[in-house]
Amino acid sequence: SPDGGTIVFELLGDLYTLPVEGGTATRITSGQAYDMQPNYSPDGTRLVFVSDRNGSANLGVANADGSDPEPLTEGERDGYMSPVWTPDGEYVIATKGSDLWLYHVDGGSGVQMSGVGEERSPALMGAAFSPDPRYLWVNARGNPETGFEAEVAGTASPEFGPGHAPTHGPRSSPRLV
């Protein structure tokens, strides 16, 4: 949670919370649906997650205790992954197929953020905002074709300044887009 007191996680298709200091995990979703990849809203009151409640992997939102779950998307065979809240808590960014999409939490059809008009672009997933919310980090899978401007983490040019690169060592080629 944003206050650092609670962890939310998925185990065998159900979402659970656990106090950081330890103790007993509390199941907050259950049933036949496979719920996964939960993420707290910036204010800690809501969750976004991937769920197959309608038979396809879509995005869902619920209160932080798992109550009042609602679908955010209702597509068929779209393959959503890695949902993350925008810093203002008004939108969710997620990978749909191999592209990033932006959805308002109150609904709508979403806005495609990547891959528009490109013959072939790398698959983008695992979006994460830097401390400066003007920058969004993603993991690019595949070889970026010419025209896709991205820098491998740790090689960012000086204009991005300190504090905009991940604090971990190199892994799966995170890129600043």
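Here the structure is a predicted model, which is why all the values come from computation and not from measurement.
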Nearest-0.5 Å distance that lies between atom CG in Leu136 and atom CG in Leu100: 6.5 Å
Spacing of NZ belonging to Lys96 relative to CE belonging to Met113, to within rounding of 0.5 Å: 14.0 Å
State, without any angle test, whether [X] and [Y] hold a side-chain donor-acceptor pair at a distance under 3.5 Å.
X	Y	result
Tyr80	Gln37	no
Thr29	Asp35	yes
Thr86	Asp88	yes

Which atom of [X] lies closest to which atom of [Y], heavy atoms considered:
X	Y	answer
Ala94	Leu59	CB-CD1, 3.7 Å
Ala64	Gly44	CB-O, 3.3 Å
Pro2	Ser41	CG-O, 3.2 Å

Residue of the set Ile93, Thr95, Val48 for which side-chain contact (heavy atoms from CB on, under 4.5 Å) holds with Pro83: Val48
Residue that, paired with Val61, satisfies side-chain contact (heavy atoms from CB on, under 4.5 Å) out of Phe49, Trp85, Tyr103: Trp85
Atom CD of Glu21 with >12 non-hydrogen neighbours under 6.0 angstrom: yes
Parallel, tilted or perpendicular, as decided by the 30° and 60° cut-offs, for the rings of Tyr16 and Phe9: parallel
Cluster overlap Leu72 with Tyr34, hydrophobic side-chain contacts below 4.5 Å: yes
